[in-house]
Structures are given as C-alpha cells and as structure tokens.
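The structure appears right after this line, and notes come after that.
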Amino acid sequence: MKILRKSRVLLFIGVLWLCAASCPQAGENSITTLPERIVLNVTQTPAGSQAVTWQTLKTAGYPAAQIIKLSELLTPDSSPATFPAQTQVVELDKKQIYHHSVIFNSLFPDTLYAYRVGEAPCWSEWNQFKTASQTREPFTFLYFGDIQKQIFPMCSQMFRAALQQEPESRFWLLCGDMVNNGPDDREWNDFFNAMGWMPRTIPLVLVPGNHEYPDKRFISQDAYHITNLWRPQFAQPENGPKGLEESAFSFEYQGVCFIVLNGNEQTKEQAVWMETILLKNKQPWIIVAIHQPVYSISQRKDRTNFQDLLVPVFDRFSVDLVLQGHDHGYTRTFPLKNNQLASEKTKGTIYVISNAGPKVYPVGSRYDHLMAKTRSGGMLFQSIRVDKNRLQFKAYDMMKKVVDSFDIRKIN
Ligand SMILES: [Fe+2]
Ligand SMILES: [Fe+2]
C-alpha cells in the first residue's frame, strides 16, 4: 500500500514537472497557450462559487481550470476537479485573443482553495482564494477610486501599499475609470501589469466608469456601449437589469448586500431594479457602488439626476454607504436623508468619493454644507471593515497614513 502511494506521489510530481517543462515559454515560440491576465471576480454567491478569467494568444481547444481544497493540494490520493472553460474570441489589431472563464461552483464556504488555469501542458501556477463564510463573520474589503492615468508607473505602488496594509482583505472594489480609454487593450495591459499577481488571489469587483465607454462626443448614440473588452476579460454577476449584465449587479457577502450600479446608461431601469433587490434583502448592511457621484464636487458641468432618481431609494431602504469615483478628489458627507443632513433621530446615508490615481481635480464647494470631510489631490485607498454592529472606514494615502476615518454603528 505504502509503495503504491509513493509511486502515485512520484507519478503526480512527474506529471506536474513534465507539464511545466514542456510548455513553450515566451521567446521560444512567440505564440503559446500560456495563460495571462488571470483575474478572480466575486460571484453572486461568493460562499459557494468563484469566477476566474484569463486570456491566451491561442488555444488547443480544451481550456479549463482545476481546483482543489488547499489542504489537499499535496495529498497523494486527492486530485483536482476540472472545469471546462467558456471561451470568447476578441479580434485586436488583426490578432485573435482568446478570453476564457470558469465559474467554480459547489464550493464549501469559508474554505481555502488552490486553482490553476490553462490547457495542458500550459498551466498557470497554483493560486489561492478563500470562499466567503455563510455566516455574518466580520471581514474587510478595499475600495479604490479612479485609477485611469499612469496606471503602471504610478498606480502599481498604490496597489502594493494597499496589499501591505490590508493583506487579509477579502476583495477589492474598483469604483470605475480603471483605464482612460476603455477600448484600448494596451491600457488594460497596463492595468493587469500594475495589479501583478494580486487579482489571481484577491477577487475584484469592478464598477464601470465613463472611461470604460467611448467618448460620447465622438460617436452616435447607437455606438454607446461598454468596451467590448469588458465582458470577455471579466466574469461578474449577470443578475442586473437586462442589457447591463456584468456591469450592474448585486451580491451578498457576510452580512452585507452589495449593489453595483452602472451610472452610464439605463439608470432609471436600475433604480427600479435596485428597489426589487432591496425589498427582498435580509442583510443588515447595504453598500452601493456607482462611479458617477450623487453629490458631485467637480467644477465641471456634469451634474446628474441621481438626487431625484436614486436618493429616494437609498433613503427608503436606509442604505448605509455609497462608494463613488469620477471627481478625482476625496469627500465624505455627513449622514444624509432627502438631500439634507439627517436629523439625530433619522438614520442617514454616507456618500464617499475617492481617487486612486495621480489625475486630480480641484474640489468644488457646491455641497460644502453636506460634507464632513473634503480633500483635494492625492492617491488614496480605503479599507472598510464590516462587523455585526459596526462598520469601520479608513482612507489611507500612499504612505499608508490614515487621512480620514469614520464608523457607522448599528443598534439592533
Ligand atoms: Fe469618470
Ligand atoms: Fe475619472
């Protein structure tokens, strides 16, 4: 029995070694099936499933992802489960790019897994992730405002500082304008280079900004769609309004109902859809993310009608926190209700705008009467820790110094 186990181990190690050794590396054969841009996304059911996407320059026709409990990765009698991938082909500069995605399902909650993606013999390295708990365990996630410019040279250090500060954060929420020109794949290349291996192990939640769309000034209304790179290179929930799959969606994570809105189009439909989600919601905390702010601090004339459209829904369901970007500065409101300061007795919603990249705008004074904190300039990241009765918010600069913080307390 012992000999059999030992030989199985040797066979398993041998297969792994052969797989690694026989995959052509860049330079030997310029086009390989080697996986690149591997990224995890949060699913609608993060306690039982996990999405992963990657791309290759060619495919042999059987791309897949393999997964095993991390505790069993080195166990001789265990073998990983294989999930065949779905593939979408994107034509770029007369080159075909293959985007593959897998949703791992039937996973155990609160469990560490190892996974790899590719096609034998060109597998990625084994990476780890942890599923969400089914209970309301405290957890931390990070929130970033616009990245948009100097994505690799400047923003990479922001991501590294964020990881050093909060290595155990369960996912990163990026609040739009991840790039400046959404249809330009070179900018997404910078994005993935700036992120490095981090999105292989920390799932991303991506909110579409206006820069993930074409510039309205130069196109017809019919051509106004999110970049055709968005859906192939990410795998986000498809439970939003029709036509906004993967760009407006909701999910629940350990006591929080998260709603991601797409502020670029069909906002009326999203207000109605959000109401249906919140009517069914049983989670004690509600956090909404939208790129374009409800109370814009920009001096530009791009005010939205969100105060009429979204605020009544936020007020009705006592949304705790609204995370936003777009204005390239930092502000945090007092708790608000009906577009005014909430009274002592009334629970209000706190609206935050933040910025992660080096592109900054001056902060306007239009809503100074609503603001608890305003700050021009700077590249920031935010940690949000959600406990049963307390939400702790901290904004950090690149030196990892806290530049703003507040708590929201829930009294049951
Ligand atoms: Fe924007
Ligand atoms: Fe922006």
Side-chain angles (χ1 to χ4, degrees), residues 142-156 158-159 162 172-184 186-188 190-192 194-195 204-219 223-227 229-230 234 236 244 246-248 259-267 270 288-307 309-310 322-333 351-364 366-367 374-382 395 397-398:
L142 301 191
Y143 145 56
F144 297 84
D146 299 39
I147 301 158
Q148 197 169 334
K149 291 271 181 86
Q150 298 199 54
I151 302 164
F152 181 66
M154 289 293 283
C155 298
S156 48
M158 169 67 58
F159 298 136
W172 289 8
L173 187 150
L174 309 185
C175 216
D177 288 2
M178 275 69 72
V179 295
N180 193 50
N181 183 13
D184 189 341
R186 292 167 302 182
E187 295 195 16
W188 289 106
D190 282 353
F191 171 80
F192 281 99
M195 284 265 170
L204 301 185
V205 174
L206 298 148
V207 182
N210 53 307
H211 283 270
E212 277 75 54
Y213 279 71
D215 191 324
K216 266 182 180 162
R217 290 170 298 178
F218 308 120
I219 54 151
Y224 190 69
H225 302 298
I226 198 163
T227 167
L229 301 172
W230 184 267
F234 303 117
Q236 303 207 95
L244 295 177
E246 298 194 57
S247 74
I259 295 185
V260 169
L261 298 177
N262 180 340
N264 301 287
E265 54 174 328
Q266 295 186 54
T267 46
Q270 290 178 72
V288 173
I290 181 168
H291 177 66
Q292 292 87 342
V294 175
Y295 302 101
S296 175
I297 49 164
S298 167
Q299 291 167 341
R300 296 171 296 165
K301 292 178 186 169
D302 64 346
R303 291 184 65 176
T304 64
N305 61 350
F306 295 164
Q307 290 170 27
L309 201 58
L310 303 179
V322 178
L323 306 174
Q324 308 152 107
H326 192 58
D327 281 351
H328 294 264
Y330 181 88
T331 59
R332 175 198 18 126
T333 69
Y351 298 77
V352 180
I353 299 172
S354 191
N355 182 53
K359 179 183 174 184
V360 291
Y361 293 147
V363 173
R366 188 185 299 138
Y367 292 114
T374 58
R375 189 175 190 277
S376 287
M379 297 169 62
L380 306 175
F381 63 93
Q382 289 71 218
D397 67 12
M398 277 213 289

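Being a predicted model, the structure only gives us computed values, none of them experimental. Values reported hereafter were calculated over all heavy atoms of this structure, with side chains retained and with hydrogens, waters and symmetry mates removed. Counting starts at 1 for both ligands and their atoms, in listed order. Residue numbers run from 1 in the order of the sequence given.
- Residues passing the side chain to side chain donor-acceptor pair (under 3.5 Å) test with Y213, sequence neighbours excluded: N262, E265.
- Around the Fe ion (ligand 2), the protein contributes the following N, O or S atoms at distances under 2.8 Å: D146 OD2, Q148 OE1, D177 OD2, H328 NE2.
- For N181, the side chain to side chain donor-acceptor pair (under 3.5 Å) criterion is met by no residue, not counting sequence neighbours.
- Rounded to the nearest 0.5 angstrom, D397 CG and Y330 OH are separated by 12.0 Å.
- Q382 meets the side chain to side chain donor-acceptor pair (under 3.5 Å) test with S354; sequence neighbours excluded.
- Ring pair W230/W188 is perpendicular by interplanar angle, where above 60° counts as perpendicular and below 30° as parallel.
- By the 4.5 Å heavy-atom criterion applied to side chains, S298 and H326 are not counted as neighbours.
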